[in-house]
Amino acid sequence: MTTSSEGNKRLVTIRRGLAGTGTDGTTTTTTGAYNETEDDTQTEDDPPVAQVELHQIRSSKISIKGMPQIKLKDWLGGRGTVHKFTEAGTTYEWRKSFHGLSHKRELFSANDDKTRLAWAEKVGTTSETGKPHEPGMPPMPANPGTATLTVSRRAQPIIEMVIVSFLLVDRESREQ
């Protein structure tokens, strides 16, 4: 993922990378990466997975896999605790939940709201002394928490959109 500025907008380009697959069939990824196969590699000539124009006043726009731009809010709707996107005729939603010091985002299909397809977990920030960040305390940005994104085998057909949508949802939550 790369970010550049052009006038009053920021351009974010998301390209493929490499990641590892766990023995339980999940792919653990880092920001902007996914598990590639030998015949599914991306070259510099290929369009990026997504390119986003982030505007402060006008609507932000997204282009997915070289397709024409659309308003970001038309592709990834919602704010706060639930964000939805549609891929191949199925609607998916990222839900935010809190479990103690852990902050989670979980992806579900509208057809099956009980089975997680992907989940991202961020363990709360720590203070300069190494003590966990307690709820109700002001954030301690000196030592940010650790975040992971795990994608189940069931989400592999849409893994690119899972990662793109997660990156955009996470960006929004960090800017609030």
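Taking the side chain as every heavy atom from C-beta outward, I158 and Y92 approach each other to under 4.5 Å. Between F85 and I64, the closest side-chain pair of non-hydrogen atoms is not below 4.5 Å. When side chains are defined from C-beta on, R116 does not count as touching S152, because their heavy atoms never get closer than 4.5 Å. The shortest side-chain heavy-atom distance between V12 and L54 falls under the 4.5 Å cut-off. Under the 4.5 Å side-chain criterion, counting only non-hydrogen atoms from C-beta, V164 is not in contact with V52. Considering only heavy atoms from C-beta on, M161 comes within 4.5 Å of W75 through its side chain.
For the pair R95 and F108, the cation-pi test (distance below 6.0 Å, angle within 45°) is passed.
For the residue pair T13 and Q51, a side-chain donor N or O sits within less than 3.5 Å of a side-chain acceptor on the partner. Side-chain contact of T86 with T91: a donor-acceptor pair under 3.5 Å is present, judged by distance alone.
The two atoms that bring G66 and S63 nearest to each other are C-OG, 3.8 Å, heavy atoms only. Between A155 and L117, the shortest heavy-atom distance links the atoms CB-O, 3.6 Å. Between A118 and V151, the shortest heavy-atom distance links the atoms CB-CA, 4.1 Å.
No salt bridge links K61 with E53; every basic N to acidic carboxylate O contact stays at or beyond 4.0 Å.
A donor-acceptor contact shorter than 3.5 Å links the side chain of S60 to the backbone of H55.
Within 6.0 Å of the NZ atom in K9, the count of heavy atoms belonging to other residues, nucleotides or ligands exceeds 12.
If you take OG on S165 and NZ on K84, they are separated by 14.0 Å, rounding to the nearest 0.5 Å. Atom OG1 of T81 sits about 14.0 Å away from atom CH2 of W94, to the nearest 0.5 Å. Separation of atoms CG (L149) and CG (D170) is listed at 9.5 Å; rounding is to 0.5 Å. The CZ atom of R10 sits 7.0 Å away from atom CD of Q56, with the distance rounded to the nearest 0.5 Å.
With sequence neighbours excluded, the residues that form a salt bridge (Lys or Arg N to Asp or Glu O under 4.0 Å) with D112 are R154. Partners of K65 according to the side chain to side chain donor-acceptor pair (under 3.5 Å) rule, which considers only residues two or more places apart in sequence or in another chain, are E160.
Side-chain heavy atoms closer than 4.5 Å link hydrophobic residues (I, L, V, M, F, W, Y) into clusters, and following such links, possibly through other members, connects V49 to I70.
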Intermediate values then yes/no, side-chain contact (heavy atoms from CB on, under 4.5 Å), V169 and R105: CA-CA 9 Å; V169 168; R105 291 233 181 239; 3.2 Å; yes
